[in-house]
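Right, one structure below, let's go through it.
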Amino acid sequence: MNVLVDFARTGRIGPLHCGMPLTEAEDLLGPGRPHPAHIMKGPDIDGYPYSWDGLQLVVTQRAVSGIWVNLWPGSTAKLPPLVLPDSESFEATVLREELVTALETAGCHHEVNPALTFGEQSSILTQPAGVYAVFSLPGRDRHVPHRGRHYLDVMHKRIA
């Protein structure tokens, strides 16, 4: 939860931030798994992610233009040690209410994001960091304690 709240407040995950060169990110994280489009078309293709388990960095002109933390409610997820020290995996089941309470406790302002709130999905946008958190009802294959409640699927930040 601390990693998620810090990301929501600052728009950074440890030393990772939007705008940094991909080479610096790979120096910190080790080589990522590039999206197949990078492999087919070369490293200058923009907008496709490099992945480190549950962490993805979107790359534009060889710089980090987006940071994504992907969660799978009802399971565990992995993040690189730089992001989540001393842990190989963590509980990926985060209720919307739990994250909102943690943000409020930390003094992190947030508001409903109407563009990503519809149907069985809801979203908030944190300020001033501009981090989106997207929640949804769990899929049938997800083992969660409350099937009718919204769980965090992804947190992300993207620059133009």
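These numbers come from a predicted model, not from an experiment.
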### Message
Can you list everything that forms a side chain to side chain contact (heavy atoms under 4.5 Å, CB included) with E26? Sequence neighbours excluded, please.
### Response
L22, P31, Y50, W52
#### Entry: Shortest non-hydrogen contact from L57 toward A25
CD1-CB, 3.7 Å
#### Entry: A8 versus A129, closest heavy-atom pair with distance
O-CB, 3.3 Å
### Task
Dump the intermediate steps for side-chain contact (heavy atoms from CB on, under 4.5 Å) on V112 and S122, then the final yes or no.
CA-CA 8 Å; V112 172; S122 66; over 6 Å; no
### Task
Just jot down the ring pair (Phe, Tyr, Trp, His ring centres under 6.0 Å) partners of H110, sequence neighbours excluded, or say none.
none
### Message
Could you walk me through whether L99 and L4 satisfy the side-chain contact (heavy atoms from CB on, under 4.5 Å) test, starting with their C-alpha distance in whole Å, then the side-chain angles of each, then the deciding distance to 0.1 Å, before giving a yes or no?
### Response
CA-CA 8 Å; L99 181 62; L4 301 176; 4.3 Å; yes
### Query
Is there side-chain contact between Y132 and R158, with at least one heavy-atom pair below 4.5 Å?
no
### Message
Checking the side chain of E98 only, and the main-chain atoms of L95 only, is there a donor and an acceptor separated by less than 3.5 Å?
### Response
yes
#### Entry: Any donor-acceptor pair under 3.5 Å from T126 side chain to R9 backbone
no
### Query
Are any of the side-chain heavy atoms of V3 and V69 separated by less than 4.5 Å?
no
### Task
Check F7 against V131 and note the closest heavy-atom contact, atom names and distance.
O-CG2, 3.3 Å
### Task
Determine the minimum heavy-atom distance between D6 and T10, stating which atoms define it.
O-OG1, 2.7 Å
### Message
Using 0.5 Å steps for rounding, measure from the OG1 atom of T101 to the CZ atom of R96.
### Response
10.0 Å
### Message
Quick check against the 3.5 Å criterion: does Q121 have a side-chain atom that pairs as donor or acceptor with the backbone of V134?
### Response
no
### Task
Give a yes or no answer on whether the side chain of T117 reaches the backbone of S123 with a donor-acceptor pair at less than 3.5 Å.
yes
### Task
Search all heavy atoms of G19 against all heavy atoms of I159 and return the closest pair with its distance.
N-CD1, 3.8 Å
### Query
Does Y151 belong to the same Ile/Leu/Val/Met/Phe/Trp/Tyr cluster as V154, with side-chain heavy atoms less than 4.5 Å apart forming each link?
no
## Note on the structure
S65 and T60 have their tightest heavy-atom pair at OG-OG1, 2.8 Å
### Query
With a 4.5 Å limit on heavy-atom distance, are the side chains of Q56 and S51 in contact?
yes
### Verify same cluster id: L125, M155 (apolar side-chain graph, 4.5 Å)
no
### Query
Taking everything shown except E111 itself, do over 12 heavy atoms lie less than 6.0 Å from its CD?
yes
### Query
For V58 and H156, what are the C-alpha separation, side-chain angles and deciding distance, and is it a side-chain contact (heavy atoms from CB on, under 4.5 Å)?
CA-CA 10 Å; V58 178; H156 63 91; over 6 Å; no
### Task
Any chance you could measure W68, atom CH2, to I13, atom CD1, to the nearest 0.5 Å?
12.5 Å
### Inter-residue atom distance F135.CZ - E120.CD, 0.5 Å rounding
16.0 Å
### Query
Is V100 reachable from L71 through a run of I, L, V, M, F, W or Y residues, each pair having side-chain heavy atoms under 4.5 Å apart?
yes
### Query
What is the distance from atom CD1 of I124 to atom NE2 of H109, rounded to the nearest 0.5 Å?
10.0 Å
### Query
For V5 and L103, what are the C-alpha separation, side-chain angles and deciding distance, and is it a side-chain contact (heavy atoms from CB on, under 4.5 Å)?
CA-CA 6 Å; V5 171; L103 294 175; 4.3 Å; yes
### Query
Quick one: does N70's side chain get under 4.5 Å of D53's, heavy atoms only?
no
